[in-house]
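Below is one structure, written out as structure tokens; comments come after it.
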Amino acid sequence: MSDAATDLVIHDSFSRTKRPFVPITPGHVGIYVCGPTVYSDTHLGHAKSYVSFDVVVRWLRFTGLRVRHVENITDVGHLVDNSDDGEDKLIRTARLSEVHPLELAEKYARLFFSDMDALGVVRPDISPRATGHILEQQALIRELLARGHAYEVNGSVYYSVASFPEYGRLSGRDTEEGEVGHRVAVRGEKRDPRDFALWKRAEGGHILRWESPWGSGFPGWHIECSAMSCRYLGESFDIHGGGLDNQFPHHECEIAQSRGAGHGFANTWMHNNLVTVEGRKMSKSLGNFTSITQALEKNEADLVRLWVLSTHYRSQVDYSVQGLDALKGALERLRAALRSVSEAVTAAATPAATTDAAFLAEVATAEAAFTAAMNDDFNTPLALGALFDLARVLNTGVARGGLSRAALETGRARFLALGGEVLGVLDAASAAPAGGDAARYVDLLIETRQRLKAAKAFDLADWLRKEIAARGVVLEDTASGPRWRFNA
RNA sequence: GGCGCCAUAGCCAAGCGGUUAGGCAGCGGAUUGCAAAUCCGUUAAGCCCGGUUCGACUCCGGGUGGCGCCUCCA
């Protein structure tokens, strides 16, 4: 093992095995994640994919690696269907609403970023747009023509799949003897039905078009990712990620293009599984399509993240009311522990205590379990188990008392590092006391109840607690006095 | 039709050839004026049929069931 070796093991979709992760350049990671085609609302599938890869990137950075995360914005639409009639999704949608295709792309790109921000997804370092990289795409196409992997017909350029024997290996399919013309309409221009477009001739009304050596046209579905990953990460880079639904044909074509051009391309392929809603595939036709905006109206962002991370990224995750409800309790448990330890830090005695060592050892054990889980192909469900173990360690330590401020602060910091910095489901603000205009009135009600208790007027005190609870205020009496918060 | 994934307790979800996953829910106890939160204990599992093994939830084979991809989709 070279000195570039890490403790991390990643499941590589291409070899279908878990392999030790060894960065090409020690200490650095280049990762390319397939971004969205910006032509409609962001949905739960995006949430699953981009929260998953967000945690991948966060973990890589947490372990000390320097990461460059590139994620494209596809603003040249993919073809609407396989009949190659040349109309792409962006143009079709734009024509229907009578706006320029790039107006539409801009609108949905902004929505994508705002939704991802709301989910706490750290923005990619570079978000290259397909329309901004036409020259790079043309250059790659020229290279493929020169190497005999592509051919031009009537102003369009197609990739010759027969020239690349590895085609189909990523997705595990044998394309040698596909049923010609059954599911895939054969267009006269293609020499082989498996061939796919690198460059398309623009027909009369096509708005998005660029001049090229082959005439006026626009790039094919897949070439942008090959061109842009190369530009920003180099001919060979560490990780390529994306949704399982992109494995074929998109990623298969990317491999054919990049390797056909002589590039090493991605060392490791990661594919996240898909989202179901109430047990069924999420799709517009089934009517269970859920946008991120809709999901965030009903659930806090932390809860949506927890939902994604409670299942392994390579497993399907089901979005259901029942499932989300169960996670609310789990999230509250984590927050309660954070609040509890945060208050204890403030109240704790400063000098080192004899019980510190045992406490810190338990903290370290939980963190080690967390680390082992994440290093095993980003096993977030298992890591969450360790995080809950850590919550228990903190709760127990606080309840027993006698710990030094430094020890408690360490426990709190490790908890926030794992649950916050790495998983993004916890933050210091969620442990902060409730504020806002209503807070001082609530404080008054709490103080009133304290006085009723002091006067042994327990029936009135209980009544008051019930009343404010009905108005969304959760009240807890602790050893150090009452604590309250608004119920989310 | 081709390819792939999964079947774990009431629900969600991991690891592991023999040793407590974890969360939600339930039950008992501690604590509390009563609660809440917390802690301790506890209930509860491995779709079916074979095989390998001293021993299988964990490996192999065969069933059955569910899901997904194969068409734009994360």
Side-chain angles (χ1 to χ4, degrees), chain A residues 16 33-37 39-40 42-53 74 77-83 88-89 92 168 171-175 177-179 182-185 221 241-250 271-276 279-284 289 306-307 310-318 320 322-334 336-337 339-340 369 372-373 376 379-389 391-392 394-400 453 456-459 461-462 465-466 469 474-479 482-484:
Chain A
R16 293 155 198 262
V33 177
C34 274
T37 302
Y39 73 106
S40 67
T42 314
H43 54 74
L44 285 177
H46 297 107
K48 158 105 169 150
S49 186
Y50 298 123
V51 168
S52 294
F53 283 109
T74 297
H78 296 165
L79 295 172
V80 167
D81 59 31
N82 238 5
S83 62
D88 75 36
K89 289 185 299 193
R92 167 177 282 185
S171 51
R173 65 194 66 214
D174 175 18
T175 61
E177 293 299 330
E179 311 111 280
H182 276 228
R183 298 185 59 89
V184 181
W221 322 357
L244 198 54
D245 52 345
N246 271 333
Q247 198 174 51
F248 185 90
H250 185 55
H271 288 96
N272 63 274
N273 216 314
L274 309 182
V275 171
T276 56
R280 302 195 63 190
K281 173 189 177 176
M282 180 179 72
S283 74
K284 286 177 178 171
F289 188 89
L306 188 62
W307 165 69
S310 65
T311 303
H312 189 86
Y313 76 87
R314 288 191 283 112
S315 298
Q316 293 177 1
V317 65
D318 187 54
S320 70
Q322 197 182 27
L324 271 287
D325 276 350
L327 288 170
K328 281 181 189 168
L331 181 59
E332 180 49 35
R333 179 170 171 75
L334 294 176
R339 280 195 297 271
S340 175
D376 185 9
N379 191 332
T380 55
L382 188 58
L384 279 168
L387 191 65
F388 282 103
D389 287 341
R392 175 173 297 109
L394 298 180
N395 284 331
T396 303
V398 169
R400 283 182 188 154
K453 281 174 61 182
K456 304 285 184 197
F458 293 121
D459 52 342
D462 290 347
R465 181 173 60 199
K466 217 169 106 183
V474 178
L475 175 61
E476 297 169 9
D477 288 334
T478 73
R483 169 206 294 168
W484 70 271

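Just so we're on the same page: letters track the sequence lines, and every chain starts at 1.
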Query raised in the report: Base, backbone or nothing for each nucleotide of nucleotides 6-17 of chain B, written B, S, -, heavy atoms under 4.0 angstrom, 5' to 3'?
Result: -------SSS--
Query raised in the report: salt bridge (charged side-chain N to carboxylate O under 4.0 Å, His left out) with A:Asp389: which residues, sequence neighbours excluded?
Result: A:Arg392
Query raised in the report: Can you check the A:Phe388 CZ to B:U20 C1' distance for me, whole Å?
Result: 17 Å
Report task. Scan nucleotides 35-42 of chain B nucleotide by nucleotide, 5' to 3', and note B when protein non-hydrogen atoms come under 4.0 Å of the base, S if they reach only the sugar-phosphate, - if neither. Result -> BBSSSS--
Query raised in the report: For the residue pair A:Phe53 and A:Tyr313, does the interplanar ring angle fall in the parallel (under 30°), tilted (30 to 60°) or perpendicular (over 60°) class?
Result: tilted
Query raised in the report: For the base of B:G68, is there a side-chain donor-acceptor partner from A:Asn273 under 3.5 Å away?
Result: no
Requested in this report: Measure the distance from CG on A:Asn272 to P on B:C67 and round it to the nearest whole Å.
Outcome: 21 Å
Query raised in the report: With both distances under 3.5 angstrom, what nucleotide forms a Watson-Crick or G-U wobble pair with B:G68?
Result: B:C3
Query - Span that lies between the C1' atom of B:U38 and that of B:U32, in whole angstrom - result: 11 Å
Report summary line: With sequence neighbours left out, the residues meeting salt bridge (charged side-chain N to carboxylate O under 4.0 Å, His left out) with A:Lys328 are A:Asp325
Report task. Could you tell me which nucleotide pairs with B:A9 by Watson-Crick or G-U wobble geometry, both distances under 3.5 Å, or answer none if nothing does? Result -> none
Query - Non-neighbouring partners of A:Thr42 that pass side chain to side chain contact (heavy atoms under 4.5 Å, CB included), sequence neighbours left out - result: A:His46, A:Leu111, A:Phe112, A:Asp115, A:Met116, A:Ile292
Query raised in the report: Is the shortest side-chain N/O distance from A:Lys328 to OP1 or OP2 of B:G23 below 4.0 Å?
Result: no
Query raised in the report: Taking any strand in view, what nucleotide pairs with B:G17 in a Watson-Crick or G-U wobble way, both distances under 3.5 Å?
Result: none
**Report entry** Base-pairing assignment for B:U42 (Watson-Crick or G-U wobble, both under 3.5 Å)
**Finding:** B:G26
Query raised in the report: In chain order, what residues pass the side chain to side chain contact (heavy atoms under 4.5 Å, CB included) check against A:Asn395, with sequence neighbours excluded?
Result: A:Ala337, A:Ser340
